[in-house]
Structure formats: structure tokens, C-alpha cells
There are 2 protein chains.
Amino acid sequence: MNTQALVNEFVAYLRSRGMRMTPERRHILQHIFSAHTHFEVDDLHVRLRDAGHRISKATVYRTVALLANCGILRSSIAPSGSSSEYYELVYGLETPHEHLQCQECGRVFEVADPVLLGHLRRIAVTMGYELVDHSVKIVGRCVELRNKGVCSKSGLQRPPERPQ
Amino acid sequence: MNTQALVNEFVAYLRSRGMRMTPERRHILQHIFSAHTHFEVDDLHVRLRDAGHRISKATVYRTVALLANCGILRSSIAPSGSSSEYYELVYGLETPHEHLQCQECGRVFEVADPVLLGHLRRIAVTMGYELVDHSVKIVGRCVELRNKGVCSKSGLQRPPERPQ
DNA sequence: TTAAGTGCAAACGGTTTGCAGAATG
DNA sequence: CATTCTGCAAACCGTTTGCACTTAA
């Protein structure tokens, strides 16, 4: 899969709804593709700006919503403590991937596990549903970290209890 | 498990932090216990009001945060389209439970599956983590519903595509 | 008696929207 | 050219907070 395929997919979606491809939409899509991580809209906006594109935050919000609607993006889980929505690229994703969240630093890692999907499908069927989508979050404590009190993946001290 | 055990747990937590039990906190906790579903703060506030308790929304927010901090509540998944945080009672929960979300009406059902937990634990270990918590959301389409275009569980028509 | 809790209303921050001007097909 | 898109700034809305008053211990 490459950027062009993504652009084509998006253009087809836009056409089908009487909408237009624009330079702004193209830049946003290409940037999401090249970054290929989960992201929040504000970050995406800043990075586009750093890359020299003057695209308003409103347009980024509007475009991300379109991309989510046509199945190129989907909303993902947020690092703990965050109050904004996170998205990830799903178009052309070969293997389903789950999320492992570090309890200390809140960061999210992606994990592939081919067996899990079948298991979830079976659960859905038991309830009279056909599995359409899923999301799995595992919150874990790094063994090394639990002993030392420092998160080696982020270099951060163990965060204090939430205030109040 | 009963309300008293919950209250005791909460009082112990409050004591340990130099905080006090109040009538407001007691009413909120008891109401959460008797409703025993996942909920959003605004709903909880309205229901408390309907039950005759004049508790401000600020106090409900503050108390829910405390209950989440001490492990009696945890944040749960929200029905699709909702922009507010949902919580659920976890204190004394015997079996781990996952969430099945109806793609049409967005409602969330709880599902117990004892095997899944072991699987998730294995995934965590593979990544060098010890499983501390998890959440699983399965999005499904009810077979009957897909044919008829109507959600039999909610009585709602299939919702239109999100606007824009 | 005094530190903590409550209600109120204002502040906050992420997201959405109305509108006038720019640009696509 | 008609219609859609963009940028801007204001509106929105769930949540948090400052403050004066009330209350638990």
C-alpha cells in the first residue's frame, strides 16, 4: 500500500458524496500516512505547520472526521490523562493490532496477536452478533520498572497519584 | 457485597487521605451501587436530583473522581457518538467483563468470558509487562438487525451516517 | 474549632460552527 | 459559474476551579 492508493480511496469517497479533493486534504492525508502512528488532532496540526503547511485547525478537524467516516482512520485509545481524541490509520492494515498501555508513563504500544481476533469473534457470535470491529487495551506494568520505580521506556519518574 | 461494604471501603480511603465522609458522598455512592450500570456524570446528577437530593454537579464530579482514584469506579467506554466520560462500578466485581457495543444503536452490553483474561495476560508477558488491567470492546452487528435495518434491542431505526 | 466540603458561577480546553471570501470541477 | 472549501473567531459543552459559606470530626 502506498500514498497514492490512499489518495485514490479518499478521492473516490469524496466523489461519491459530491465533495472535492483539495491541497489541504491531500497534505493532511499524506502526513498521516508518513507518520503512521496514532495521533491527536492538535499534534497533527502543529506538525503540518512545522512542515510548512498553513492549514487551519478547523480544516484539520473537518478532514480527520471525513477520513474516519470513510474508514481510512478510526478513533483509537488515548494515553492516560489525555482529554482529547486519538486517531490511527487503519486503511490497508494487514494484521489486527491491539494496544498495550504502560501504566506508568501512559504511552501506548501496538501489539499484533492473530489468535485474539477469532476469540473475540466467537464471543460476539455467542451474543447473537457478527463482529464488525474491536479494540483491546491491555494496561501493564513493566517488570523492571515496578522494581526501580522508573519507566525505562520514557525515562520518566513514576508519576504521582492524581491530585484530589 | 453490599452497600455497607462499599461505604466502609470508601471511608477507609478517605481517612487515609485526611478526608471526610459526607452525606453527599454517601448518597452518590449508594446511588451508583443501586443503579449498577455504567453511567455518565450528568445522568447521575439528574437521577440524584430526581431522587430528591440537591447535590451540585461539581460535587458529583469531585466524588466520582475520588471513587475512580480509590478503585471503586473506573472509566468505561462510551456509547458511540457520546462526548462525555462513562464510569462503571468495579468494586467487588467477581468476573472480568468485556463490552459488546451494538453498531446500530451504540448501546453497550456486558459480556463475561473467563478464557479471554488468560489470553491477554499472555500477550502482556510477551511484551515484558505484567497485566494490571484491560478493556475489550467488541463492535457487532446483530444479524436480525442487519436484515431489517431496525435495532430490535432499542427500537430505533438504523442511524444515518454522521453528517459532513 | 478548624481543616475539609459544598454550591455557585466563572474559567477552561477540545471541538464545532456561522460566515465571508477563495477555489474546485 | 455554481457549489464546495477554507480560515477566522465565536459558540459549544463537558469538566474543572476559585471563592465564600457550611459542616464533619
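Numbered from 1 within each chain, the chains take letters A, B, ... in sequence-line order. For the numbers below, each heavy atom of this structure counts, side chains included, while hydrogens, waters and symmetry mates do not.
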Undergrad: To the side chain of Tyr61(B), which of dT6(C), dG14(D), dG7(D) is closest?
TA: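 Nearest to the side-chain atoms of Tyr61(B), counting from C-beta on, is dG14(D).
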Undergrad: Quick one: Leu66(A) CG to dT15(C) C1', roughly how many Å, whole number?
TA: 15 Å
Undergrad: Rounded to whole angstrom units, what separation is found between the NE2 atom of His45(B) and the C1' atom of dC13(D)?
TA: 16 Å
Undergrad: For dC13(D), does OP1 or OP2 lie under 4.0 Å from any side-chain N or O of Ser83(B)?
TA: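 False: Ser83(B) side-chain N/O out of range (4.0 Å or more) of dC13(D) OP1/OP2.
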Undergrad: Which whole-number value in Å describes the distance from Arg17(A) CZ to dC5(D) C1'?
TA: 15 Å
Undergrad: Would you compute the distance between atom CZ of Phe10(A) and atom CE of Met19(A) and round it to the nearest 0.5 angstrom?
TA: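 Answer rounded to 0.5 Å: 9.0 Å.
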Undergrad: Determine the minimum heavy-atom distance between Arg25(A) and Arg20(A), stating which atoms define it.
TA: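 Looks like NH1-O, 2.7 Å.
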Undergrad: Tell me whether Arg47(B) contacts the main-chain N or O of Ile32(B) through its side chain, where contact means a donor paired with an acceptor under 3.5 Å.
TA: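 Judged by distance alone, no pair lies under 3.5 Å.
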Undergrad: Nearest whole angstrom, please: distance from the P of dG14(D) to the CG of Asp42(B).
TA: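 Answer to the nearest Å: 7 Å.
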Undergrad: Could you state the atom-to-atom distance from CZ of Arg62(A) to C1' of dT17(C) in whole Å?
TA: 8 Å
Undergrad: Considering every strand and a 4.0 Å limit on heavy-atom distances, what is the contact class for Glu85(A): base, sugar-phosphate, or nothing?
TA: sugar-phosphate
Undergrad: Leu66(A) and Tyr13(A): which non-hydrogen atoms are nearest, and at how many Å?
TA: O-CE2, 3.9 Å
Undergrad: So, Glu98(B) versus His134(B): side-chain donor-acceptor pair below 3.5 Å or not?
TA: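 Checked: Glu98(B)/His134(B) side chains pair up, N/O donor to acceptor below 3.5 Å.
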Undergrad: Please say whether more than 12 non-hydrogen atoms of neighbouring residues, nucleotides or ligands are located less than 6.0 Å from CZ in Arg15(A).
TA: no
Undergrad: Testing the 3.5 Å rule here: is there a donor-acceptor pair between the side chains of Glu24(B) and Thr59(B)?
TA: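 Short answer, no.
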Undergrad: Quickly work out the Leu14(A) CG to dA23(C) P distance and round it to whole Å.
TA: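 Answer to the nearest Å: 19 Å.
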Undergrad: Does a side-chain N or O of Arg25(A) approach OP1 or OP2 of dT6(D) to a distance below 4.0 Å, or not?
TA: yes
Undergrad: Please tabulate the protein-to-nucleotide N/O contacts below 3.5 Å involving nucleotides 21-25 of chain D, giving atom names and distances.
TA:
from, atom 1, to, atom 2, distance (Å)
dA24(D), O3', Met21(B), O, 3.2
dA24(D), N3, Arg20(B), NH1, 3.1
dA25(D), OP1, Met21(B), N, 3.4

Undergrad: How are the rings of His38(B) and Tyr86(B) set relative to one another: parallel (under 30°), tilted (30 to 60°) or perpendicular (over 60°)?
TA: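 Aromatic pair His38(B)/Tyr86(B) classed tilted.
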Undergrad: Do Leu6(B) and Leu89(B) come close enough that some side-chain heavy atom pair is under 4.5 Å?
TA: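 A side-chain contact under 4.5 Å exists here.
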Undergrad: May I have the distance from His27(A) (atom NE2) to dC5(D) (atom P), rounded to whole angstrom?
TA: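 Whole-Å distance recorded here is 17 Å.
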Undergrad: If you take any heavy atom closer than 4.0 Å to DNA chain D, which residues from residues 47-57 of chain B end up in contact?
TA: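 Residues of residues 47-57 of chain B that come under 4.0 Å of DNA chain D do not exist, since none gets that close.
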Undergrad: Measure the distance from CG on Leu44(A) to P on dG14(C) and round it to the nearest whole Å.
TA: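 Going from Leu44(A) (CG) to dG14(C) (P), I get 15 Å.
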